[in-house]
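Naming: A, B, ... by sequence-line order, numbering from 1 per chain. It should be emphasised that the depicted structure is a prediction, and the values quoted were computed from it without experimental measurement. Values below: all heavy atoms of this structure, side chains included; hydrogens, waters and symmetry mates excluded.
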2 protein chains.
Amino acid sequence: MIVGQGKRCAAVASELGGRIVAGGFAPGETLPTEAMLCAQLGVSRTTVREAVKQLHGKGLVAVSPRNGTRVRATVHWNQFDPEVLGWRVAAGVDAVMLDQLYEIRDCFEPRACQLAASRGSAGDHAAIAGHFTELAAPGWDVERGIAADLAFHLAIFVATGNVFFISLGAAISTALRLSFGLSQRRAPIPAAELRLHEDVCHAILSRDGAAAALSMRRLLDASRRTLAIAAAPGGPAQTLEAAP
Amino acid sequence: MIVGQGKRCAAVASELGGRIVAGGFAPGETLPTEAMLCAQLGVSRTTVREAVKQLHGKGLVAVSPRNGTRVRATVHWNQFDPEVLGWRVAAGVDAVMLDQLYEIRDCFEPRACQLAASRGSAGDHAAIAGHFTELAAPGWDVERGIAADLAFHLAIFVATGNVFFISLGAAISTALRLSFGLSQRRAPIPAAELRLHEDVCHAILSRDGAAAALSMRRLLDASRRTLAIAAAPGGPAQTLEAAP
DNA sequence: CGACACCGTTTTGTATGATGATTGACGACG
DNA sequence: CGTCGTCAATCATCATACAAAACGGTGTCG
């Protein structure tokens, strides 16, 4: 297995990144000095610096000698970085973020469906169909359902053959997983939404780009409504915490 | 001025990142060990490690003990990271990349125009108009024209008020700058394209979302054609190097 | 009194060396 | 032939030291 990086460095980066995106440090504010972070987090300066370098790479902070490490304005944050998005999700999802997320999904997912339909390879289409079958399989299990839903959407991005779409899908997969988890937290996927998935799948496999885009638009609409219902009244209050 | 980070670390990250995206290391291949990189680049291991950490944060490499540092498959790269995109541009732009770039611009920019029209603030609109004025100003200067064009498009993203659109704009700004540079390398912006910019600007300021989206679609079409002409025949060969 | 140059302090940037932890490979043994 | 243990390569982390840059204050000179 590829571990990616040491535990401590990743933990420090997550700790600092999470606190920043959660608003623990206001933009423009300076973080504690490296020496103080070492003491607070109980790690060496090397580890702190490597973690801060990662945050810098994501546009969260700017660091300069004598000035210290400053939190940059949110417009400079790389919101499409999977980790940044993950930290935001972990910090809690509010209505504004959900609106913005669906706004952008509505912007590119229908187009991705169109491209997947018109030029996806046979293998791509088989993968999409396979994930739909998994999603529609009897014997409901929450985790498996969420995974299948996520895989279904990601496979569509892959089928576009456009690296930007693929990266976009990877970037928002964390947020997608959250939204699937929210809408399916109590009940299995509604029959109507399952039907809409089927429409998308069928249109793509028929290489009908227009129909695929339209179906995806409908699916997003329905999903947004389901989520609004799940999030608004009886559900958790305004901000929803991610599962531990 | 905020320097962001030390010179050497940034230089090492750019050097390695650039070589990776340029194909100098094939995906799956292992980079030289940290010790060898120290020797090759003439820096200490600390610096190399901080640079590699940044590359890891962008999804370009995975590091594990004994295995060394491996280049990940391109699907894992965070293509929307401004630096990654910048390195790709610096490594040369081919027809495939241009197609994919315009595919995604065509997906996002019309919608951004629509949102900017319907809910951009007065200040946002003033900024857009200001950049257009600058673009249309007499007394042509290549650098100033490119900067104004870029600022015009970025201001539209900012006016959406959606952090994802804003990040997207920042991410592709490097590529946008390149494409503007290509199309305007010899002549100033064509009158027809200037007119299309005016249409976009006017539609946004009139808060006519549909017209703004349509105008932007036309503008992208025209721009793509101009670029195809500039890049194909007499221009530089198949791959175009970025300006130094 | 004001402007300018200088210096010291603070904080990050880089270098160096050492030690621990993890993992893949190879060989021994049942 | 398969399983398991040892080994070595490599990264992960730590501690320390010095260099460089930037800001603030201070002193001098006009």
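Atom CD of A:Gln54 is separated from atom P of D:dA12 by 11 Å (rounded to the nearest Å). Atom CG of B:Leu37 is separated from atom C1' of D:dT10 by 13 Å (rounded to the nearest Å). To the nearest angstrom, C1' of D:dC11 lies 8 Å from NZ of B:Lys53. Taking atom CD of A:Glu34 as the reference point, atom C1' of C:dT10 lies 12 Å away to the nearest angstrom. C:dG13 atom P lies 19 Å from atom CG of B:Leu41, rounded to whole Å. In this structure, CG of A:Asn67 is placed 15 Å from P of C:dT10, rounded to the nearest angstrom. The distance between atom CZ of A:Arg49 and atom C1' of D:dT16, rounded to the nearest whole Å, is 15 Å. Residue A:Arg8 contributes atom CZ, which lies 18 Å from atom P of C:dT19 at whole-angstrom precision.
Ring-centre distance between A:His197 and A:His131: not below the 6.0 Å cut-off.
When each of A:Glu50 and A:Arg66 is assigned the nucleotide of DNA chain D bearing its nearest heavy atom, the one mapping closer to the 5' terminus is A:Glu50.
Between C:dT22 and A:Lys7, a contact under 4.0 Å exists linking OP1 or OP2 to a side-chain N or O.
For B:Thr47, the side-chain atoms get nearest to C:dT14 when compared with the rest of D:dC14, C:dT14, C:dT12. Set against C:dT14, D:dC11, D:dA21, the side chain of B:Pro65 has D:dC11 as its closest nucleotide. The A:Ser44 side chain lies nearest to D:dC14 when the options are C:dT12, D:dC14, D:dC11.
Between the side chain of A:Ser179 and the backbone N or O of A:Leu176 there is at least one donor-acceptor pair closer than 3.5 Å.
When heavy atoms are screened at a 4.0 angstrom cut-off, A:Thr46 is found touching base atoms of the nucleic acid.
A salt bridge links A:Arg49 with B:Glu50: the closest approach of a Lys/Arg side-chain nitrogen to an acidic carboxylate oxygen falls below 4.0 angstrom. Using a cutoff of 4.0 Å between basic side-chain nitrogens and carboxylate oxygens, B:Glu103 and A:Arg119 are scored as salt-bridged.
Nearest heavy-atom pair across A:Ala116 and A:Ala159 is CB-CB, 3.7 Å.
Side-chain atoms of B:Arg45 and base atoms of C:dG17 include no donor and acceptor less than 3.5 Å apart.
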